[in-house]
Number of protein chains: 2
Amino acid sequence: MSSESPTYSPLYRQIKSLLVQALEAGEWRPGELIPSEMELATRFNVSQGTVRKAIDELAAENLLLRRQGKGTFVATHNDPRAFFRFLRLVPLSGIIEPARSVPLECWRAKAGPEAARALELKVGEPIVIVRRVLEFAGKAVVADEIYLPGETFAGLNLEMMKDAQDSFYTLLESRFGVRMIRAVERVRAVAADRASAEILHVAEGSPLLSVERISYTYGDKPMEWRRGLYLTQDHCYLNELG
Amino acid sequence: MSSESPTYSPLYRQIKSLLVQALEAGEWRPGELIPSEMELATRFNVSQGTVRKAIDELAAENLLLRRQGKGTFVATHNDPRAFFRFLRLVPLSGIIEPARSVPLECWRAKAGPEAARALELKVGEPIVIVRRVLEFAGKAVVADEIYLPGETFAGLNLEMMKDAQDSFYTLLESRFGVRMIRAVERVRAVAADRASAEILHVAEGSPLLSVERISYTYGDKPMEWRRGLYLTQDHCYLNELG
DNA sequence: CAGTGGTCTAGACCACGTC
DNA sequence: ACGTGGTCTAGACCACTGC
């Protein structure tokens, strides 16, 4: 996160780094309670206020979650308030319906130039590819193709994804210990090809939203590259600009 | 901004409200330096730390801009680092070229149901409509249609917009004293109609990004409704997900 | 009730920009 | 040298949660 000039780094940022290291090392698992501010202050030999400021930033970046009276928790995708945290699609009607994920295929392959660039792998390194559909109110609205580094996710298979309870990121988190921190999306308008048109039940050539996403875990490491085709007849991609 | 439960509001939020009120009242104009934290602390009879926390939040919301060693300034769209703050379009090549705005038309009308809803006006109230094109590297990439409340922007005309130096929001700020704080965009994929296709030099029916934006000024008051059609052959809509 | 995060204060010192 | 925001500390008290 921090690309500091090397000359100076305030204490609270150093504490922040130490906390991120601890998170990365798995000292506290997703969903777990971390030590209180006072305990951490003692451990790092700084005042509570300094720990507080470090935690403030981590909470702002959604790495931690503060809950007054209870404590500070490691953020997780397995939480109602963060279930589809990266999904910006909302119905035009305004009535929010839960999404349902329908996995279609899952296979191994070697990284092509595109996937290699997105995932910072070498061409030819193993990857896992997943195809799935997102349904809203029983209608297919999103066709996703997901590329993951094969090394880390070697054990991934279709069966795992059948548990409709879990979101995809919850699965990666609980089964493979990989937590996505942030993501970047590139959105364009494209014409539906034959296959996508069939999946989404529209005419070939219909305009679709192409949403390319790269998700990053700790240390800005890309861990997922995905391309989604969104049907925006009854839904739209909502974005708040600060 | 804050939808507090009425039971309790911390002091620093009250200070924040007072600061917003002062901004809204125009006590300090966009770009101007506001009093130092110490002065404000004296004025409001609180400690510097409390003022600091209020300013922290306003800076995070881009209402104020802190500059170490100089002071705190009222944010403005007339600033290199915030010139096209709401424009998410970037070239696929990665090479950033400055956008050029080409105003086409500007006329008065009465609000239809759609515009009235977006701008929170009554149907039939006066509005101003602007059509313009954004060019990157001499090529038309965005066709915008902009709807503004007619009351506030009665004096707006094409001539004003010919100064290519100013961004559109800079103009609204300097000439009409209206500063846009935040915006919400709804993105969809659509097929180019005849008129848009001509402006963007593509075939009718080509897929385009439809970007609908409502911009808000102080007090969450909608002050602009705009619909842009983006050509995403050489550009994409970039979005960072926290 | 005890323990947590949240607020508020006051004062010391640091880093940056200007004169 | 001076004034600004930025950091760090220490301590008091408030608000929320759960036992």
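Keep in mind the model is a prediction, meaning the values are calculated, not measured. Throughout, protein chains are lettered first and strands after them, A, B, ... in sequence-line order, and every chain is numbered starting at 1.
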Take the protein atom [atom1] of [X] and the nucleotide atom [atom2] of [N], then report the distance between them rounded to whole Å.
X: A:Leu33; N: C:dG3; atom1: CG; atom2: P; answer: 15 Å
X: B:Leu11; N: D:dC14; atom1: CG; atom2: C1'; answer: 13 Å
X: B:Met38; N: C:dA10; atom1: CE; atom2: P; answer: 10 Å
X: B:Glu37; N: C:dA10; atom1: CD; atom2: C1'; answer: 14 Å
X: B:Gln14; N: C:dT7; atom1: CD; atom2: P; answer: 12 Å
X: B:Leu40; N: D:dG3; atom1: CG; atom2: P; answer: 17 Å
X: A:Phe44; N: D:dC8; atom1: CZ; atom2: P; answer: 14 Å
X: B:Lys16; N: C:dC8; atom1: NZ; atom2: C1'; answer: 17 Å

Check your understanding: Listed by chain and number, what are the salt bridge (charged side-chain N to carboxylate O under 4.0 Å, His left out) partners of B:Arg213, not counting sequence neighbours?
Key -> B:Glu185
**Study point:** Beyond-backbone contact of A:Tyr169 with A:Arg85, side-chain heavy atoms, under 4.5 angstrom
**Key:** no
Check your understanding: If you take all heavy atoms of A:Arg186 and A:Val184, which pair is closest and at what distance?
Key -> NH1-CG1, 4.0 Å
N/O (side chain, [X]) to phosphate O (OP1/OP2, [N]) under 4.0 Å:
X: A:Arg67; N: C:dG5; answer: no
X: B:Thr50; N: C:dT7; answer: no
X: B:Tyr12; N: C:dT7; answer: yes
X: A:Lys70; N: D:dG18; answer: yes
X: A:Thr72; N: C:dG5; answer: yes

Exercise for review: Would you kindly say whether B:Tyr147 and B:Glu145 are connected by a side-chain donor-acceptor distance under 3.5 Å?
Suggested key: yes
Practice item. Scan side-chain atoms only and decide if A:Arg132 and A:Ser101 contain a donor-acceptor pair under the 3.5 Å cut-off. Key: yes
Side chain of [X] - closest among [options]:
X: A:Arg66; options: C:dG6, C:dT9, D:dG5; value: C:dG6
X: A:Pro10; options: D:dT9, C:dT4, D:dC8; value: D:dC8
X: B:Ser36; options: D:dC8, C:dT9, D:dG5; value: D:dG5

Point to revise | Presence of donor-acceptor pair under 3.5 Å, side chain of B:Arg52 and base of D:dG6 | key: yes
Review point. Between A:Gly69 and A:Ser47, which is nearer to the 5' end of DNA chain D once each is assigned its nearest nucleotide?
Key: A:Ser47
Practice item. For B:Gln68, answer base if it contacts any base atom (sugar-phosphate contacts may also be present), sugar-phosphate if it contacts only those atoms, and nothing otherwise; contact means non-hydrogen atoms under 4.0 Å. Key: base
Revision key, fill the gap. Between B:Gln48 and B:Lys53, the residue closer to the 5' end of DNA chain C by nearest nucleotide is B:Lys53
